[in-house]
S.K.: 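The following block contains the structure, expressed as structure tokens.
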Amino acid sequence: REAEIGETVQLRDKRVVVVVLSCKRFRNKQKVIMETWAKDAPENVTVLFFEGGDQNSRDGNRVALDCPDDYENLALKSHKMFRSVIREENFDYLVKVDDDTFLDLDALLSADIPRVEYMGHLRPASQNNDMTSYASGGFYILSREAVQDVAEFEFESGKDSPWWYGGQAGNDEWPIEQSVKDNASV
């Protein structure tokens, strides 16, 4: 759906899944999040932590994905996270934060945010080798439709992948960057 220029939405009226890419080594950070900003999350907000593991499984708000639990495979973990969320969660918007981010849920939910498919801190095309602009960093928001687009993107992993550079397979925003480049609806 095309949004009108200046049209806004409040997430307070929407189903929101907050995803935190993390790892087993940083479960202490997950605990801090659950004891602070996520403690009083309203009913329309689900907070999930995603880690790598041997198989896909869920224990409460912790989701293990069938992928390595290391920084070198963060792009792969991110892509599998998008696929898991589309498959398993009922939501209108996805909010992605890092495990070292404090999120003021009340301010986020009550803010008038632009009605867009994808928003966050823009990484300009001039900073990227392939000239694609995309949101990056510790916080971004995607609509369900944008998450679907990213989840459907065919992602390759491993040293033969176009994502592999300098001994690692990219950052968590790379599946989004590629989807933005290849899919006009994001």
Side-chain angles (χ1 to χ4, degrees), residues 11 15-39 41 45-89 91-105 108 117-123 128 134-144 146-158 161 163-180 186:
L11 297 182
R15 295 166 306 193
V16 178
V17 60
V18 178
V19 298
V20 184
L21 281 177
S22 191
C23 64
K24 293 176 188 85
R25 188 172 57 141
F26 293 139
R27 284 193 175 163
N28 60 323
K29 292 180 180 183
Q30 297 173 25
K31 183 176 185 280
V32 169
I33 289 171
M34 290 309 296
E35 292 173 349
T36 58
W37 63 262
K39 178 176 64 174
V45 175
T46 301
V47 179
L48 297 173
F49 299 94
F50 287 85
E51 304 174 342
D54 296 331
Q55 63 183 8
N56 293 329
S57 64
R58 182 167 175 175
D59 181 16
N61 64 341
R62 186 174 294 129
V63 180
L65 301 169
D66 184 18
C67 65
D69 197 34
D70 57 22
Y71 185 76
E72 290 77 20
N73 288 283
L74 192 54
L76 175 63
K77 185 189 296 184
S78 176
H79 189 249
K80 287 183 176 266
M81 180 265 308
F82 286 117
R83 286 189 167 180
S84 173
V85 169
I86 276 295
R87 207 175 38 247
E88 304 294 333
E89 300 303 318
F91 68 100
D92 300 306
Y93 287 91
L94 177 144
V95 176
K96 184 270 180 184
V97 297
D98 287 343
D99 60 10
D100 60 356
T101 300
F102 181 87
L103 183 60
D104 184 339
L105 270 176
L108 174 67
E117 300 298 316
Y118 173 45
M119 67 177 286
H121 176 74
L122 182 67
R123 182 178 171 97
N128 304 312
Y134 63 98
S136 70
F139 173 88
Y140 50 83
I141 300 173
L142 290 96
S143 69
R144 181 174 185 83
V147 173
Q148 181 73 47
D149 288 341
V150 176
E152 290 174 355
F153 172 71
E154 289 301 321
F155 181 80
E156 299 175 40
S157 64
S161 162
W163 307 100
W164 195 265
Y165 71 96
Q168 64 185 42
N171 60 43
D172 62 293
E173 295 93 5
W174 281 26
I176 298 173
E177 176 190 5
Q178 194 62 37
S179 182
V180 168
V186 177

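Residue numbers run from 1 in the order of the sequence given. Remember, it's a predicted structure, so these values are computed and weren't measured experimentally. Every heavy atom of this structure was used, including side-chain atoms; hydrogens, water molecules and symmetry mates were not.
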S.K.: Nearest 0.5 Å please: distance from the CG atom of Asn28 over to the OG atom of Ser22.
M.R.: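 Output value for this atom pair is 8.5 Å.
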
S.K.: To the closest 0.5 Å, what do you measure between NZ (Lys29) and OG1 (Thr101)?
M.R.: 9.0 Å

S.K.: Less than 4.5 Å apart, side chain to side chain, heavy atoms only: is that true for Val147 and Val17?
M.R.: no

S.K.: On a heavy-atom basis, which atom in Cys67 and which in Lys80 lie closest, and how many Å separate them?
M.R.: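 In terms of heavy atoms, the two residues are closest at CB-CD, 3.7 Å.
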
S.K.: Nearest 0.5 Å please: distance from the CZ atom of Arg87 over to the OG atom of Ser84.
M.R.: 5.0 Å

S.K.: What pair of heavy atoms forms the shortest contact from Leu65 to Asn56, and how long is it?
M.R.: CA-OD1, 3.3 Å

S.K.: For the residue pair Ile33 and Val20, what are the closest heavy atoms and their distance?
M.R.: CD1-CG1, 4.2 Å

S.K.: I want to check something: taking the side chain as every heavy atom from C-beta on, are Phe91 and Thr46 in contact at a cut-off of under 4.5 Å?
M.R.: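 Side-chain contact under 4.5 Å: no.
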
S.K.: Working to the nearest 0.5 angstrom, can you tell me the gap between His79 NE2 and Met81 CE?
M.R.: 10.0 Å

S.K.: State whether the number of non-hydrogen atoms from other residues, nucleotides or ligands found under 6.0 Å of Asp104 atom CG is greater than 12.
M.R.: yes

S.K.: Check whether any side-chain N or O of Arg83 sits under 3.5 Å from a backbone N or O of Ala151 as a donor-acceptor pair, and report yes or no.
M.R.: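 It does hold such a pair.
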
S.K.: Where do Val16 and Leu108 land on the side chain to side chain contact (heavy atoms under 4.5 Å, CB included) test, with the steps shown first?
M.R.: CA-CA 11 Å; Val16 178; Leu108 174 67; 5.6 Å; no

S.K.: Give me the atom names and distance for the closest heavy-atom approach of Arg58 to Leu48.
M.R.: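 Heavy atoms of Arg58 and Leu48 come nearest at NH2-CD2, 3.1 Å.
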
S.K.: What are the two closest non-hydrogen atoms of Trp37 and Leu103, and how far apart are they?
M.R.: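 Result for this residue pair: CB-O, 3.0 Å.
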
S.K.: Measuring from atom CD of Gln148 to atom CG of Leu142, what distance do you get when rounded to the nearest 0.5 angstrom?
M.R.: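 One finds 12.0 Å between CD of Gln148 and CG of Leu142.
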
S.K.: Going by an N to O cut-off under 4.0 Å, is there a salt bridge joining Arg144 and Asp92?
M.R.: no

S.K.: Taking 4.0 angstrom as the limit, do Arg27 and Glu51 come out as a salt bridge?
M.R.: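 Between Glu51 and Arg27 there is a salt bridge, with a charged N closer than 4.0 Å to a carboxylate O.
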
S.K.: Do Leu94 and Phe82 come within less than 4.5 Å of each other through their side chains, counting heavy atoms only?
M.R.: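 Counting from C-beta outward, Leu94 and Phe82 do come under 4.5 Å.
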
S.K.: For Gly52, does its backbone N or O pair with a side-chain atom of Lys24 as donor and acceptor, under 3.5 Å?
M.R.: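 Between the backbone of Gly52 and the side chain of Lys24 there is a qualifying donor-acceptor contact (under 3.5 Å).
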
S.K.: Taking NZ, NE, NH1 and NH2 as the nitrogens, is one of them in Asp69 or Lys77 under 4.0 Å from a carboxylate oxygen of the other?
M.R.: yes

S.K.: What distance separates Lys39 NZ from Leu105 CG, expressed to the nearest 0.5 Å?
M.R.: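 Interatomic distance, Lys39 NZ to Leu105 CG, rounded to 0.5 Å: 12.5 Å.
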
S.K.: Within a strict 4.5 Å, meaning less than it, do heavy atoms of the Val85 and Phe50 side chains meet?
M.R.: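 Of all side-chain heavy-atom pairs linking Phe50 with Val85, at least one is under 4.5 Å.
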
